[in-house]
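Remember, predicted model here, so these are calculated numbers, not experimental data. Atoms considered below: every heavy atom in the structure, side chains included; atoms not considered: hydrogens, waters and symmetry mates.
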Amino acid sequence: MNNSISISIIAPIYGVENYIEKFADSVLSQSYQNIEFIFVNDGTKDNSMSVLNGLIDSKFSHLKDKIKIINKQNGGLPAARRTGLDVATSDYVYHVDSDDWLAPDSITKIVEEIERSASDIVYFNLVKEYPDRSKVKRQKAYSSEQREQFIRDIYNHRAAASVCNKCFRRSLFLDHTIHTPRYGYAEDCYLTTQLIGYAKTISYLDADIYHYRKGNPGALTAQKHRKRKKEYALNFIDLYEKYCDLPRKENPVGCIIDDIVMQIGWYSILYNFKFFRQYPWLKRAVGKAEIRSGSDVWVPLQLLTKLITRFL
């Protein structure tokens, strides 16, 4: 390994005063040399930035020329990730969350896989860190020819959607219009489905790289169920509207268009009938959507969704 491949690590920071020291130490201690560290202060109101700056001054001052700290008004996780991406300069970008941490030598392992496979996307294992135990979430290996199945499995919660267990070639963002979601919940799925759809090559690295903290009360996954469902629906309504008119061969998320329609239709029946008035295309789209197995919406419920929408 000659350190020729550069990696930008992008970390939004908001409300992580109790966790950021462990996170930043794990990131800044990585053995690989060619890393650009981008910390995006998303208008945090606690002492997260003081802790980070203190750690940099006391232990990692030798890395200051590789560290970028971007300060912005609070705008939420998706916008913070985008801000970091806009200033990144490396060959690959790796989005991480600042209440988690990386295993030692993680970036070295990722770069070794990039050198071996020349892939646009390298993905790897997550380790769920509970207060009293750890659990490895080992991933399934998908070939580049199985990208559509990978996208469907991500959308339907059969594979990890997280951006934190995927390293992306930065040119995917430069060569294509990758849309940013408005809401924080399911923003990973919104992004990764697009990126995998545009990638020519993907590879799986069977290594326990990313340690994901479970039990942080400030995390997005701790939000109330109804709010999460609504944000999920609104994000994917937006994704559908962005791509629904593209021909299948040009559409990075074409393989999940019917899944999206059925999920939004079923969600609307359960929680928010107003969506059928707000989005007049929804009823027609449900009527045209193909019934597909492997969806989060069980096949009989897809049939029921179609039946109900006929009488609206």
Engineer: Salt bridge check, Glu231 against Arg182: does any charged N sit closer than 4.0 Å to a carboxylate O?
Structural biologist: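 No, Arg182 and Glu231 are not salt-bridged.
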Engineer: Under 6.0 Å from the CD atom of Glu112, do we count more than 12 heavy atoms belonging to anything else shown?
Structural biologist: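 For Glu112, atom CD is crowded (more than 12 foreign heavy atoms under 6.0 Å).
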Engineer: When the ring planes of Phe23 and Phe39 are compared, do they come out parallel, tilted or perpendicular, using 30° and 60° as the limits?
Structural biologist: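 Because their plane-to-plane angle is over 60°, the rings of Phe23 and Phe39 count as perpendicular.
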Engineer: How long is the span from the CG atom in Asp86 to the CD1 atom in Ile38, to the nearest 0.5 Å?
Structural biologist: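 Rounded to the nearest 0.5 Å, the CG-CD1 separation comes out at 9.5 Å.
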Engineer: Flag yes if more than 12 heavy atoms outside Trp298 fall under 6.0 Å of its CH2 atom; otherwise flag no.
Structural biologist: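 No - once you tally the heavy atoms of other residues, nucleotides and ligands closer than 6.0 Å, there are 12 at most.
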Engineer: Is it true that the side chains of Asp100 and Tyr210 contain a donor and an acceptor less than 3.5 Å apart?
Structural biologist: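 Yes.
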Engineer: Does any donor atom in the side chain of Ser6 or Asp91 lie under 3.5 Å from an acceptor atom in the other side chain?
Structural biologist: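 Yes, side-chain donor-acceptor contact under 3.5 Å.
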Engineer: Rounded to the nearest 0.5 Å, what separation is found between the OG atom of Ser268 and the CG atom of Asn272?
Structural biologist: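 Interatomic distance, Ser268 OG to Asn272 CG, rounded to 0.5 Å: 6.5 Å.
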Engineer: Say whether, by atom type as modelled, one donor and one acceptor occur between the side chain of Arg169 and the main chain of Ala118 under 3.5 angstrom.
Structural biologist: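 Yes; at least one donor-acceptor contact below 3.5 Å.
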Engineer: Output the distance between atom CD1 (Ile196) and atom CD1 (Ile151), rounded to the nearest 0.5 Å.
Structural biologist: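 One finds 6.0 Å between CD1 of Ile196 and CD1 of Ile151.
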Engineer: Would you sort out whether Ile107 and Ile9 count as a side chain to side chain contact (heavy atoms under 4.5 Å, CB included), showing the intermediate values?
Structural biologist: CA-CA 10 Å; Ile107 305 303; Ile9 298 179; 4.0 Å; yes
Engineer: Once the angle between the rings of Phe168 and Phe173 is folded into 0 to 90°, is it parallel (under 30°), tilted (30 to 60°) or perpendicular (over 60°)?
Structural biologist: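 Perpendicular.
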Engineer: Does NZ belonging to Lys306 count more than 12 external heavy atoms closer than 6.0 Å?
Structural biologist: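 Atom NZ in Lys306 is packed in, count exceeds 12.
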Engineer: Report, as yes or no, whether the 6.0 Å neighbourhood of atom NZ on Lys230 holds more than 12 heavy atoms from other residues, nucleotides or ligands.
Structural biologist: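 Counting other residues, nucleotides and ligands, NZ of Lys230 stays at 12 neighbours or fewer.
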Engineer: Distance from Ile154 atom CD1 to Ile256 atom CD1, nearest 0.5 Å?
Structural biologist: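 So the CD1 of Ile154 and the CD1 of Ile256 are separated by 9.0 Å.
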Engineer: Could you tell me if Asp206 and Tyr204 have a donor-acceptor pair between their side chains, going purely by distance under 3.5 Å?
Structural biologist: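 Asp206 and Tyr204 do have a side-chain donor-acceptor pair below 3.5 Å.
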Engineer: Any side-chain donor paired with an acceptor under 3.5 Å for Gln263 and Ser295?
Structural biologist: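 Distance-only check fails for Gln263 and Ser295.
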Engineer: Can a donor-acceptor pair be found, under 3.5 Å and without considering hydrogens, that links the side chain of Ser106 to the backbone of Leu102?
Structural biologist: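 No; zero donor-acceptor contacts below 3.5 Å.
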Engineer: Salt bridge (Lys or Arg N to Asp or Glu O under 4.0 Å) for Lys214 and Asp132? Distances and angles first, verdict last.
Structural biologist: CA-CA 10 Å; Lys214 300 289 288 184; Asp132 59 346; over 6 Å; no
Engineer: Are the side chain of Asp153 and the backbone of Ala159 linked by a donor-acceptor contact shorter than 3.5 Å?
Structural biologist: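 No; judged by distance alone, with no hydrogens or angles, the pair does not exist.
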Engineer: Let me check something: do Phe276 and Tyr240 share a hydrophobic cluster, defined by ILVMFWY side-chain heavy atoms less than 4.5 Å apart, either directly or through other members?
Structural biologist: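 Same hydrophobic cluster.
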Engineer: Check the angle between the aromatic planes of Tyr155 and Phe236 and answer parallel, tilted or perpendicular using the 30° and 60° thresholds.
Structural biologist: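 Perpendicular: the ring planes of Tyr155 and Phe236 meet at over 60°.
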Engineer: Please evaluate residues Thr192 and Val163 with respect to the criterion side chain to side chain contact (heavy atoms under 4.5 Å, CB included), reporting the C-alpha separation (whole Å), side-chain torsions for both, the decisive distance (0.1 Å), and the verdict.
Structural biologist: CA-CA 7 Å; Thr192 56; Val163 294; 3.7 Å; yes
Engineer: Regarding Ser144 and Thr201, do their side chains bring together a donor and an acceptor under 3.5 Å, going by distance alone?
Structural biologist: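 Their side chains do not contain a donor-acceptor pair, so the 3.5 Å distance test is not met.
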Engineer: Where do Lys72 and Asn41 land on the side chain to side chain contact (heavy atoms under 4.5 Å, CB included) test, with the steps shown first?
Structural biologist: CA-CA 6 Å; Lys72 64 182 290 293; Asn41 172 17; over 6 Å; no
Engineer: In chain order, what residues pass the side chain to side chain donor-acceptor pair (under 3.5 Å) check against Thr89, with sequence neighbours excluded?
Structural biologist: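 So Thr89 forms a side chain to side chain donor-acceptor pair (under 3.5 Å) with Glu36.
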Engineer: Find the distance between OH (Tyr198) and CG (Asp175) and round it off to the nearest 0.5 Å.
Structural biologist: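 Taking OH in Tyr198 and CG in Asp175, the distance rounds to 10.5 Å.
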Engineer: Could you point out which residue of Asp296, Asp258, Asp259 forms a salt bridge (Lys or Arg N to Asp or Glu O under 4.0 Å) with Arg152?
Structural biologist: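 Only one of Asp296, Asp258, Asp259 forms a salt bridge (Lys or Arg N to Asp or Glu O under 4.0 Å) with Arg152, namely Asp259.
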Engineer: Nearest 0.5 Å, what's the OH-NZ distance between Tyr212 and Lys137?
Structural biologist: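 Taking OH in Tyr212 and NZ in Lys137, the distance rounds to 8.5 Å.
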Engineer: Do Tyr14 and Leu77 sit in one hydrophobic cluster, given that two such residues count as connected whenever their side-chain heavy atoms are within less than 4.5 Å of each other, even indirectly?
Structural biologist: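 Each belongs to a different hydrophobic cluster.
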